[in-house]
Trainee: 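Below is the structure I would like to discuss, written out as structure tokens.
Naming: A, B, ... by sequence-line order, numbering from 1 per chain. In what follows, every heavy atom counts, from backbone to side chain, and hydrogens, waters and symmetry copies are set aside.
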2 protein chains.
Amino acid sequence: MKYSKQRELVLKTLKESHKHLTAEELYHQVREVLPSISLGTVYRNLNLLVEKGEIRTLQAPDSPSIRYDGRQDEHCHLICNSCGKIIDIDIEIFDPFDALVHEKTGFTVAEHDLVLRGICAECLKKRRGT
Amino acid sequence: MKYSKQRELVLKTLKESHKHLTAEELYHQVREVLPSISLGTVYRNLNLLVEKGEIRTLQAPDSPSIRYDGRQDEHCHLICNSCGKIIDIDIEIFDPFDALVHEKTGFTVAEHDLVLRGICAECLKKRRGT
DNA sequence: ATAGCTGCAAAATGTTTGCGCGAAA
DNA sequence: TTTCGCGCAAACATTTTGCAGCTAT
């Protein structure tokens, strides 16, 4: 793959944001640095980066667009039903889980995609205060 | 909500299929029974049924369309990376999980959306035979 | 009678792609 | 100089919506 400043910028911006941006959101961010970049280029590079395993995708329920995650390593997402915030969290206890699934179904698990929905600490506090 | 035979048919067809159909796929199935039904009506009713909690949605990775699941109760999905099959599975051990998440982050979990990817028993067998 | 649902077609949304030019190797 | 990525715009795929007529209550 050939170097391009557009791809470098897309990757850098996503990683440094520590958020779960849509292609459109990322497009607006990178345009502040490189105003000539096109939305098509953002999409093309995001797809390339996903294919190369440099970033991940996340399909948040109730969001029509795919969201992109700058973290390479497997992790879970907490989505607050109240404020919509998406929180990253590491889960290390999947092994007994996979063993159980294999025992029950013969299925060999390779990847986990876990999204938990509920109420984040801040929103719960606010709600209690009401 | 008013009764409609279109909605009843959409719900019945999805539940009896025991599959995870897209709106388009479901549209083709219901048209065999009610040829005059429109795709818009299928979408409208699926959205209504999701809102009422009668069915669920499932965003399978690598599928651009939303898939619909006739099961009302919370369950997990296994997706085979080899044949693409989607398998339903019940998981009863989420409680210690939720407790761990709460302890770590203060987040109160209400719903779980777990998709596991890997190789199903049949594909593994075939692969071993090769 | 009337509120709500339908079919139809158009619009809206999100993403991909073909093309000719310019930048990287 | 050749190859690949770019910007642009058009195409595409999926889902939603406005409207006028019909159906269940």
Side-chain angles (χ1 to χ4, degrees), chain A residues 1-14 17 19-70 79 84 86 115, chain B residues 1-14 17 19-70 84 86:
Chain A
M1 179 152 43
K2 214 184 248 183
Y3 169 84
S4 92
K5 75 175 161 220
Q6 287 85 348
R7 181 160 48 248
E8 183 184 43
L9 179 60
V10 164
L11 180 57
K12 181 169 170 284
T13 306
L14 181 60
S17 86
K19 287 200 187 141
H20 305 82
L21 304 171
T22 63
E24 190 88 26
E25 286 165 354
L26 196 48
Y27 170 60
H28 287 298
Q29 293 225 8
V30 295
R31 257 166 77 97
E32 312 233 318
V33 179
L34 188 64
S36 64
I37 199 171
S38 75
L39 182 56
T41 295
V42 172
Y43 272 108
R44 264 189 292 236
N45 281 311
L46 286 170
N47 287 343
L48 273 170
L49 291 165
V50 169
E51 224 172 282
K52 280 186 41 181
E54 300 242 14
I55 62 175
R56 292 168 171 273
T57 59
L58 162 68
Q59 181 62 63
D62 307 331
S63 162
S65 308
I66 295 164
R67 293 184 172 277
Y68 296 86
D69 186 329
I79 303 183
I86 304 178
V115 175
Chain B
M1 177 153 42
K2 212 187 252 184
Y3 169 85
S4 91
K5 73 174 163 219
Q6 287 85 347
R7 181 158 49 246
E8 185 186 41
L9 179 61
V10 164
L11 180 57
K12 182 169 169 283
T13 307
L14 181 60
S17 85
K19 287 197 188 143
H20 306 82
L21 303 171
T22 63
E24 190 89 24
E25 287 165 352
L26 195 48
Y27 169 61
H28 287 297
Q29 292 224 8
V30 296
R31 257 166 76 98
E32 313 233 318
V33 178
L34 189 64
S36 64
I37 200 172
S38 74
L39 183 56
T41 295
V42 171
Y43 272 107
R44 265 189 293 235
N45 281 310
L46 285 170
N47 287 343
L48 272 170
L49 291 165
V50 168
E51 223 172 282
K52 282 186 39 182
E54 300 241 13
I55 63 175
R56 292 168 171 273
T57 59
L58 162 69
Q59 182 62 60
D62 307 332
S63 162
S65 307
I66 293 164
R67 293 184 172 278
Y68 296 86
D69 186 328
I86 304 178

Trainee: In whole Å, what is the span from the CG atom of B:Asn45 to the P atom of D:dT15?
Mentor: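 Taking CG of B:Asn45 and P of D:dT15, I get 15 Å after rounding.
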Trainee: Please pick, from C:dA3, C:dT17, C:dG14, the nucleotide with the shortest atom-to-atom distance to any side-chain atom of B:Lys2.
Mentor: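 Of C:dA3, C:dT17, C:dG14, C:dA3 is nearest to the side chain of B:Lys2.
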Trainee: Would you say B:Ser38 places a side-chain N or O within less than 4.0 Å of OP1 or OP2 belonging to C:dG7?
Mentor: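 True: B:Ser38 side-chain N/O within range (under 4.0 Å) of C:dG7 OP1/OP2.
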Trainee: Classify A:Tyr43 by what it touches in the nucleic acid, base, sugar-phosphate, or nothing, heavy-atom distance under 4.0 Å.
Mentor: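 Since a base atom lies under 4.0 Å of A:Tyr43, the category is base.
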Trainee: From C:dT6, C:dG7, D:dT16, pick the nucleotide closest to the side chain of B:Ser36?
Mentor: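 Closest nucleotide to the B:Ser36 side chain: C:dG7.
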Trainee: Does D:dT15 have its OP1 or OP2 closer than 4.0 Å to a side-chain nitrogen or oxygen of B:Asn47?
Mentor: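 For D:dT15, OP1/OP2 do not have a side-chain N/O of B:Asn47 under 4.0 Å.
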Trainee: Picking from C:dG7, C:dT16, C:dA25, which would you name as closest to the side chain of B:Thr41?
Mentor: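 Minimum distance to the B:Thr41 side chain belongs to C:dG7.
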Trainee: Report yes if a donor N or O on one partner sits less than 3.5 Å from an acceptor N or O on the other, where the partners are the side chain of A:Arg44 and the base of D:dG7; otherwise report no.
Mentor: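 When only heavy-atom distances are counted, A:Arg44 does reach the base of D:dG7 through a donor-acceptor pair under 3.5 Å.
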Trainee: What integer distance in Å separates B:Leu39:CG from C:dT6:P?
Mentor: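 The distance from CG of B:Leu39 to P of C:dT6 comes to 13 Å, rounded to the nearest Å.
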Trainee: Closest nucleotide of DNA chain D for B:Gly40 versus for B:Tyr3: which of these residues is on the 5' side?
Mentor: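 With B:Gly40 and B:Tyr3 compared, the 5'-side residue is B:Gly40.
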Trainee: Flag the pair B:Leu58 / B:Tyr68 as yes when at least one side-chain heavy-atom distance between them is below 4.5 Å, and no otherwise.
Mentor: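 They are not in contact (no side-chain heavy atoms under 4.5 Å apart), so the answer is no.
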Trainee: Rounded to the nearest Å, what distance is computed from the CD1 atom of residue A:Ile66 to the P atom of nucleotide D:dT14?
Mentor: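 Atom CD1 in A:Ile66 sits about 12 Å away from atom P in D:dT14.
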Trainee: Please state whether the phosphate of C:dG7, meaning OP1 or OP2, lies under 4.0 angstrom from any side-chain nitrogen or oxygen of B:Gln6.
Mentor: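 Looking at the OP1 and OP2 atoms of C:dG7, one of them is under 4.0 Å from a side-chain N or O of B:Gln6.
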Trainee: With distance as the sole test, does A:Gln29 use its side chain to make a donor-acceptor pair with the main-chain N or O of A:Val33 at under 3.5 Å?
Mentor: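 No; zero donor-acceptor contacts below 3.5 Å.
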Trainee: Take the protein atom CD of A:Glu24 and the nucleotide atom P of C:dA12, then report the distance between them rounded to whole Å.
Mentor: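 In whole Å, C:dA12 P and A:Glu24 CD are 16 Å from each other.
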Trainee: Whole angstrom is fine here: how far is it from CG in A:Asp62 over to P in C:dG14?
Mentor: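 These atoms are roughly 14 Å apart.
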Trainee: Would you mind telling me which residue lines up with the more 5' stretch of DNA chain C, A:Lys5 or A:Ala23, judged by nearest nucleotide?
Mentor: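 Mapping each residue to its closest nucleotide by heavy atoms, the 5'-most match is A:Ala23.
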Trainee: Nearest whole angstrom, please: distance from the P of C:dG7 to the CZ of B:Arg31.
Mentor: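 It works out to 10 Å between those atoms.
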Trainee: Could you check whether any side-chain heavy atom of A:Arg7 comes within less than 4.5 Å of a side-chain heavy atom of A:Met1, counting everything from C-beta outward?
Mentor: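 When only atoms from C-beta onward are counted, A:Met1 and A:Arg7 do touch, with a gap below 4.5 Å.
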Trainee: Among the nucleotides C:dA24, C:dG14, C:dT15, which one has an atom lying closest to any side-chain atom of A:Pro64?
Mentor: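 Looking only at side-chain atoms, A:Pro64 lies closest to C:dG14.
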Trainee: C:dG14 C1' sits how many Å from A:Gln59 CD, rounded?
Mentor: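 That distance rounds to 11 Å.
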Trainee: When you check the phosphate oxygens OP1 and OP2 of C:dT6, does a side-chain N or O of B:Ser4 lie under 4.0 Å from one of them?
Mentor: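 Affirmative; the distance criterion is met.
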Trainee: Considering only heavy atoms from C-beta outward, does the side chain of A:Lys5 approach that of A:Tyr3 to under 4.5 Å?
Mentor: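 Side chain of A:Lys5 against side chain of A:Tyr3, heavy atoms only: contact under 4.5 Å found.
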Trainee: In whole angstroms, how far is the C1' atom of C:dG4 from the CD atom of B:Glu51?
Mentor: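 For the pair B:Glu51 CD and C:dG4 C1', the rounded distance is 15 Å.
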Trainee: Flag the pair B:Arg67 / B:Thr57 as yes when at least one side-chain heavy-atom distance between them is below 4.5 Å, and no otherwise.
Mentor: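 Not in contact.
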